[in-house]
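Throughout, a chain's letter reflects where its sequence line sits, starting with A, and its residues are numbered from 1. Values in this document were obtained by computation on a predicted structure and should not be read as measured data.
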Protein chains: 2
Amino acid sequence: MLPKAILAIAALAFSPANALWPIPQKITTGDSVLFIDEAVRVTYNGVQIITIGYNPPAGSNFNSKEIVQGAVSRTFQSIFSNNFVPWKLNPRNSNFEPKLAPLNRIQTIAIQQTGKDTATTFKPRAGDVDESYSLTVSKNGQVNISAKSSTGILHALETFSQLFYQHSAGHYFYTTQVPVSIQDAPNYPHRGVMLDLARTYQTVTDIKRTIDAMSWNKLNRLHLHITDSQSWPLVIPSLPKLSQEGAYHPSLVYSPADLAGIFQYGIDRGVEVITEIDMPGHIGVVELAYSDLIVAYQEMPYQYYCAEPPCGAFSLNDSKVYDFVDKLFDDLLPRITPYSSYFHTGGDELNANDSMIDPRLKTNSSDVLQPLLQKFISHAHSKIRAQGLSPFVWEEMVTTWNITLGNDTVVQSWLGGDAVKNLAESGYKVIDTDYNFYYLDCGRGQWVNFPNGDSFNTYYPFGDWCAPTKNWRLIYSHDPAKGVSKSHAKNVLGGELAIWSEMIDGSNMDNIIWPRGSAAGEVWWSGNVDTATGQNRSQLEVTPRLNEFRERMLARGVNAMPIQMTYCTQLNATACTLFA
Amino acid sequence: MLPKAILAIAALAFSPANALWPIPQKITTGDSVLFIDEAVRVTYNGVQIITIGYNPPAGSNFNSKEIVQGAVSRTFQSIFSNNFVPWKLNPRNSNFEPKLAPLNRIQTIAIQQTGKDTATTFKPRAGDVDESYSLTVSKNGQVNISAKSSTGILHALETFSQLFYQHSAGHYFYTTQVPVSIQDAPNYPHRGVMLDLARTYQTVTDIKRTIDAMSWNKLNRLHLHITDSQSWPLVIPSLPKLSQEGAYHPSLVYSPADLAGIFQYGIDRGVEVITEIDMPGHIGVVELAYSDLIVAYQEMPYQYYCAEPPCGAFSLNDSKVYDFVDKLFDDLLPRITPYSSYFHTGGDELNANDSMIDPRLKTNSSDVLQPLLQKFISHAHSKIRAQGLSPFVWEEMVTTWNITLGNDTVVQSWLGGDAVKNLAESGYKVIDTDYNFYYLDCGRGQWVNFPNGDSFNTYYPFGDWCAPTKNWRLIYSHDPAKGVSKSHAKNVLGGELAIWSEMIDGSNMDNIIWPRGSAAGEVWWSGNVDTATGQNRSQLEVTPRLNEFRERMLARGVNAMPIQMTYCTQLNATACTLFA
């Protein structure tokens, strides 16, 4: 039991100072107040820039100044239009706001980019871009932002925006933390979210809003799992039947313009989009458009042929499949290369039993199938490399099928256990999507039907395979490279959250991802260990910041769920703490 | 393994016929098409009534005709303004819609109320109102609705509205099931949702939208857990400090007008609102307004004094507490009696240790505390009865404290196991809120903080006490009176879903409640057993209807979550079924 004095919690106000998310690597703050208004002068490399309502023009010729101007405009939007009065973060009925006189103001925001962006800046491979930045706010209202890349400037502006609250008196906006000095950079270069657009179609609006929220969380990779056996929403002009027959509805497609728009929207916000066409499994829907390429489509009982309905995989020994993939890639890849350096060929959960019912194969022997799969992957990846892209695969290509991959290939691990460690220590570049931590769809029960009788009785009470729900405290406890030998830790490029969409659409996407995605985002950016003390960051420090950041996301139009009741958010974190 | 022929699922379209929720007790349908337009003539007891834009006037003098007119207006709104094209419920790219010629139409809707409403109709005790109705739609477009009470007419109109879809050609609305003949009535008289308004304040808008969705689900009781130790949002004019000091924010209160508005909104929709002031535990917040009534407020470590922070209970032996309760009841109860026949005094989780630190008691002996508690409850309930209200309590008043209650008292059970059965067979009127099925907040992990060290290690991976998530298939499997002896089954009045709001606010309320609340709603209305066959309704029959009803709720503005991906909703239910 703790001494009574420590537990005198009611009197302790939670101070919103330093409530930045993700927390910067190095930060010092003061306790002076400054206000800010829209008239503040903003310069970029010494030249005044447009601050309100600027959107970079469409097109793939990216320009540092336009990207920075767009980011400044969004920063102004966040501060002046989508801000919030932080009453939920201060004791009830307390007078926590600064006086409106004197109205000392931010005078200028001077942004200095110390390096030059290149085409690589806007479509980097992991590690290509220096994302670091520094940010200072002086007592006399001078803001200095410095970064080598425009990407670093985007991060700095986001951090800057989080310093400010709205005043309940109206159109006043203030920070209480001046002077501020921040030096910041990420721990991992790949910080991602994977959206499944195939099981459930997700609207372009929902995807773009997710990119917005990702940028606030300093997440920088959006992986679009854009096709699967359930549907093919992606328009491929040279193979028009794919979306005509494969989309759930004629209106539920991503046109080339939609795709380019998503790519550009991401680049403007520091988020690179990675497209996945999952193969050779998880592609049964092609059967609806082009027959004779697929085996086991909709085969039942599905559990013998795939993980969930409908089954369906490429035939592994058919030249027509190669022709199809060539045509698909010739159409799609040139539309990706202006915006991204990666292409994901999937490769998860290929079930050898599918080939048992392939009339050309009639076997599930890996002695037969492995060489065919090797040939197929090598062919596909050579096409990808010929376009200047680097391949991405799911881990089974290595761990189940022992496929030889190029050194440039990134392996995405989801099966948990020691997979990330083993892959990294074997020399693979690895992304951690361990389902025990990063599958945000888990824990809400079954979506398949169980008929009365054996099926019902066996599966009652209908928990899902990856239950329980991954709550944010669990996610926050997990660091992708933890346990990996020091010499191989750099092979762990980062992590990705997975949003498989069996039961996720626009009605709950935000609530599923946020603020749990924020928990991962902080670990990937500045870690779950306090660098100053070397100790794990305590939930007593982290929870209040996440409560605040949730309110900020909500104010900006993202429907993030609450993680604590108002009673807790209004008091020091010890008020809602279980002392063992 | 099932024969291949049965599994040829792709060719089988799911027919949306009979996709009503909850499914009526008796229904026969045909396959003729009729359209409907706003010009349809509607009569109530032979007199034409207003059909568009009618809202019953405010006030507590309820009038059957006004209530029916309001319901007809909402029915028109549902059919003509908030309807949907059911492409998600038919095979992709199929031509499932009726031709637009001939446009045979619904001609008249004749509503006949065969009994007379009384004041009791609008604020019934369980069993007071006959909720049954009959509904027929003839091939020549005559609709006949008949019910003894206006409540039955409300249910009939809701069922009627669910017969219609929007046509993709535009402003055309049709049913494909004519002729229709329905006779319907509920299995349980009490079909409820409990909203926790104290841990998190919920807006009046969110509460009213929940009433809307409840009425679509034929749910008829909204239980407002309106105060707790965390906050007191309810304005009590004669005890103004309660909400002034106890609300989270001056704006986050329910004024007398708000409360009356919620009551009235419910009655207009067949939903009786039941107010709960939880006592003598779960009331610590009173300490902020009126001191010397509460013991153990915010006591830490909380686990010794209550289930979650902050602790706080009435002192059990203090005349000032009686004075406070008298004053509170004299103010509040007369404002409830025009609208409701129940008042809930709570009584869950009273922790005897609180009295250990009560300077007047200094004991946790039930020999001392039980008589004091008996005296307190008897006093409170006599005040309630004096106002013509019946008391409600949580089960611990009986099962933990052995309190003698009046025969009119309803006992709400949440602890699971055999509690409902035991209470019912002991003669108590029981409501089933078994946390294993009906606690919809469960399964998303912990909200309290765990500091590094023992607390962190003990509670990792931070599952919550009532995990897992109660998915709809589990909820649907549970019938409150199952296992209760036939002679006592009538004592089980029904069920209530609990929405405890530690991590629930407007951002996720709809998604938490719907469509899981629909699953309970159907069990409580027409059961999880098919009356014709005596077999459990199969998920193969239930899931498609729930998929459809989810789309209908979404179209009407309630953010219900999807329970299956579009691949499943577009096919016969066997397509997404696990055959063991």
Tell me which of these, A/A467, A/S501, A/S477, has more heavy-atom pairs under 4.5 Å with chain B than the rest. A/S477
Option that, when pairs with chain B are counted at under 4.5 Å, heavy atom only, ranks first among A/Y459, A/F456, A/Y201, A/W447: A/W447
Is chain A contacted by the side chain of [X], its backbone, both, or neither, given a heavy-atom distance below 4.5 Å?
| X | answer |
| --- | --- |
| B/F450 | both |
| B/Q303 | side chain |
| B/L252 | side chain |
| B/R516 | neither |

Please look at [X] and chain B and tell me whether the side chain, the backbone, both or neither of the residue comes under 4.5 angstrom of a heavy atom of that chain.
| X | value |
| --- | --- |
| A/V542 | neither |
| A/F462 | both |
| A/P468 | neither |
| A/N536 | both |
| A/Y476 | neither |
| A/A198 | neither |
| A/E308 | side chain |
| A/Y460 | side chain |

How long is the straight-line distance from CZ of B/R199 back to OH of A/Y567, given to the nearest 0.5 Å? 12.0 Å
What option among B/T566, B/N508, B/N436, B/D510 has the most heavy-atom pairs under 4.5 Å with chain A? B/T566
